[in-house]
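Down below is the structure, laid out as structure tokens.
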Number of protein chains: 2
Amino acid sequence: MPRPSQPLRPTTIKDVARELDLSVATVSRALTKPKLLRPETVARVRAAVEKLGYRPNLAAQNLKLGTTGIVYVIVPSLSPFFLEIFRGAERAAQEGGYSVVMGHTDRHPDREGEFFDQVSCGRADGVLLVSTAEAEAIVNHKRRLPPTVVVLEAVEGQIFPTVRVDHKKAAFEATNHLIELGHRRIAHITGPARSPMAIHRREGYLAALAAAGIRSGEGSCVPGEFTVASGEVAMASLLSRPKPPTAVFAANDEMAIGAIRVIKDRGLRVPQDVSVMGFDDQRIATIYDPPLSTVRLPTFDLGYSAMVKLRCILAKESYEMDVVLSTTLIQRATTAAPRIPDA
Amino acid sequence: MPRPSQPLRPTTIKDVARELDLSVATVSRALTKPKLLRPETVARVRAAVEKLGYRPNLAAQNLKLGTTGIVYVIVPSLSPFFLEIFRGAERAAQEGGYSVVMGHTDRHPDREGEFFDQVSCGRADGVLLVSTAEAEAIVNHKRRLPPTVVVLEAVEGQIFPTVRVDHKKAAFEATNHLIELGHRRIAHITGPARSPMAIHRREGYLAALAAAGIRSGEGSCVPGEFTVASGEVAMASLLSRPKPPTAVFAANDEMAIGAIRVIKDRGLRVPQDVSVMGFDDQRIATIYDPPLSTVRLPTFDLGYSAMVKLRCILAKESYEMDVVLSTTLIQRATTAAPRIPDA
DNA sequence: TTGTACGCGTTATCAT
DNA sequence: ATGATAACGCGTACAA
């Protein structure tokens, strides 16, 4: 007959020891270092553990060992882009026997600080920091931070083990793709002004224009916030100009989608009237109509490699300080030669 | 090989006590129950804490208090849909002083079990379980589970505090919307066969057809997996029939998008040639071209209300056992009357 | 091979 | 108002 009674007090290692008339030490060893014991004893312990439903108390283990088996992954937002990085990190963590806890900051330095506080209270053995908002926020905490790996973008002026991509180079290539198609009036919708990622992508855009000898007046940047809505606003402003651009490079896919929506709304076509280039290769880039030309970042690998590196650090093994993964230009259906090439 | 900065021994409460020549008890009280102490003492302690960078060790607190201040939120996947529920849960948790840890199971009962193991080891004070895959998986663990609230869909045959929506009713209304537009040949793309959510939505679809007196041969279900790709496959199969449906009700937005893609690919138009109805009102439903008619679920509120309920349980306050939140039909641009209404 | 005893950092219960 | 001290559950020297 089943006993549905929920024990008021959780079973502890003492209960198991008493049940078997063994010492707690023996029970503990049977569970963590079975090699040291007689196989028969180990078996008896296992049986009793099963019977009593004993689970080691993680808090006590943590306190004793000074280690949690937990890694915090801190991302700016819950967008699909960062989630894919998180997935990679999670995979690598699991392979190493770590659990991951995701924290998202909504691009708020304060929230970042909260997570830093938590980990400095001993809640995690390590941290994966994905594209921190403010370099300063982290500096104040650095002293107390457990081993930390920075992902996606180096923290300015700080030395952390890093796994990243070359945003500037990737943006250069994206812009250059438009130039090679014959475009000259190429606008850029930027990300948030303070985001290092956005800044570097902008630099790549400007560098490509310069390299092609395009006068600065012809290209131009309009501000966005990495959201669809901000892409719409930016594109509307571009289309209201006397000489609208023939191509637009958005600093991420979301804003590119926003741009396309506005272009279509005005009765113009993509790419026949305006070419649009995205960045990130989020899933929506594949399924949108038309499918979006963009730059693929190895998001999963970024997370995966970073977590592997963190595992190396925690295991005191060797690792590369700065790893740069490569990006890929993906031409789909939103970029084409301009109808009336202007020289 | 670079050397990570070795974190020095963390400051403990003893260090603070020694610094001030006070007892650890006083320091502890100054931090947790300032009212019991002389304001001057409290101030001195606060200053020393700041100076030494002391942080209470959470593992030790946890061990002593038998409480973690953590709630696990377990979701089947990292889709935007579940993330929005998670957001709501997080907000309510934060308001109650709890931290949340998200676990996703990839619809894998084993992974669900792993999280259950973790929480039964004392890693969390409570659990928010969003749409569990297998009722059985949870039964084995129920004995050891801390207070648990089920979100989105009741667990079959189990009694848990629940916050959910009426999937069947919502699907009924969605199907009825198509019927009222004049459609008769209405197909349904289902979710995974074992998903209770998918099953109930299907039931709503069938009930609506029956209520309208539509012969069962005219409507029909094709299987999907809640993914864009599966929606494409399902739609392709529907279009290859001698008498394709004039309207399709997909059990979620993703599959609806897949269906639209295939319809457009075949040179047909949405909604002129085929109407498409989604479910969930994910963000993509708003920005897709054309914007998707769908059913809005109060995702954020589901998570929020569920976490509030969990807080009540943990605080031993009263709460409603079963809460059902309402859904909203949203007509956008993918549903219209059929071109040639068939009687 | 197994048992004894201590300590991890904190809070609560007594004292004073 | 403050101090001394006993737990909390576990792992591990050290003993046996």
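What you are looking at is a predicted structure, and each value in this text was computed from that prediction instead of being measured. Reminder, nothing fancy here: chain letters follow the sequence lines and each chain counts from 1.
Atoms CG (L58(B)) and P (dG9(D)) sit 18 Å apart, rounded to a whole Å. Computed from coordinates, the K14(B) NZ to dA4(D) C1' distance equals 13 Å when rounded to whole Å. The distance between atom CG of L31(A) and atom P of dG11(D), rounded to the nearest whole Å, is 8 Å. Rounded to whole Å, atom C1' of dA12(C) lies 12 Å from atom CD1 of I13(B). Atoms CG (L37(A)) and P (dG11(D)) sit 13 Å apart, rounded to a whole Å. Taking atom CG on L36(A) and atom P on dG3(C), their separation rounds to 14 Å, with Å as the unit. Between the CZ atom of R55(B) and the P atom of dT10(C) there is a distance of 12 Å, rounded to whole Å. Atoms CZ (R18(B)) and P (dA4(D)) sit 14 Å apart, rounded to a whole Å.
Heavy atoms from other residues, nucleotides or ligands lying under 6.0 Å from CZ of R91(A) number 12 at most.
Among the heavy atoms of the strands lying under 4.0 Å from L63(A) is at least one base atom, whether or not backbone atoms are also near. Among the protein residues, D15(A) comes within range of no part of the nucleic acid, since none of its heavy atoms lies under 4.0 Å from any strand.
Between Y54(B) atom OH and C121(A) atom SG the span is 8.5 Å, to the nearest 0.5 Å. The CG atom of L129(B) lies 11.5 Å from the CG atom of L310(B); values are rounded to the nearest 0.5 Å.
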Practice task
Show your reasoning for whether side-chain contact (heavy atoms from CB on, under 4.5 Å) applies to L302(A) and L152(A).
Solution key: CA-CA 7 Å; L302(A) 280 165; L152(A) 195 56; 3.7 Å; yes
Practice task
Mind running side-chain contact (heavy atoms from CB on, under 4.5 Å) on T41(B) and R29(B) for me, showing each step along the way?
Solution key: CA-CA 10 Å; T41(B) 312; R29(B) 277 188 287 251; over 6 Å; no
Practice task
Give the C-alpha distance, both sets of side-chain angles, the deciding distance and a yes or no for side-chain contact (heavy atoms from CB on, under 4.5 Å) between V323(A) and K309(A).
Solution key: CA-CA 10 Å; V323(A) 173; K309(A) 180 182 286 198; 3.7 Å; yes
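Rotation axes derived from the C1' atoms of the five outermost pairs at either end of the helix from dT1(C)-dA16(D) to dT16(C)-dA1(D) lie 40° apart, to the nearest 10°.
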Protein-nucleic acid N or O pairs under 3.5 Å, nucleotides 12-16 of chain D:
{"residue": "dT12(D)", "atom": "OP2", "partner": "K33(A)", "partner atom": "NZ", "Å": "2.8"}

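Comparing dA4(D), dG11(D), dT10(C) against the side chain of N57(B) picks out dT10(C) as the nearest.
Phosphate contact (OP1/OP2 of dA1(D), side-chain N/O of T41(B), threshold under 4.0 Å): absent. Applying the 4.0 Å criterion to OP1 and OP2 of dG11(D), one finds that Q61(A) has a side-chain N or O inside that range.
Here R311(B) does not pair with E317(B) in a salt bridge; the nearest charged N to carboxylate O distance is not below 4.0 Å.
A donor atom on one side chain and an acceptor atom on the other are found under 3.5 Å apart for D125(A) and T68(A). A donor atom on one side chain and an acceptor atom on the other are not found under 3.5 Å apart for D322(B) and T162(B).
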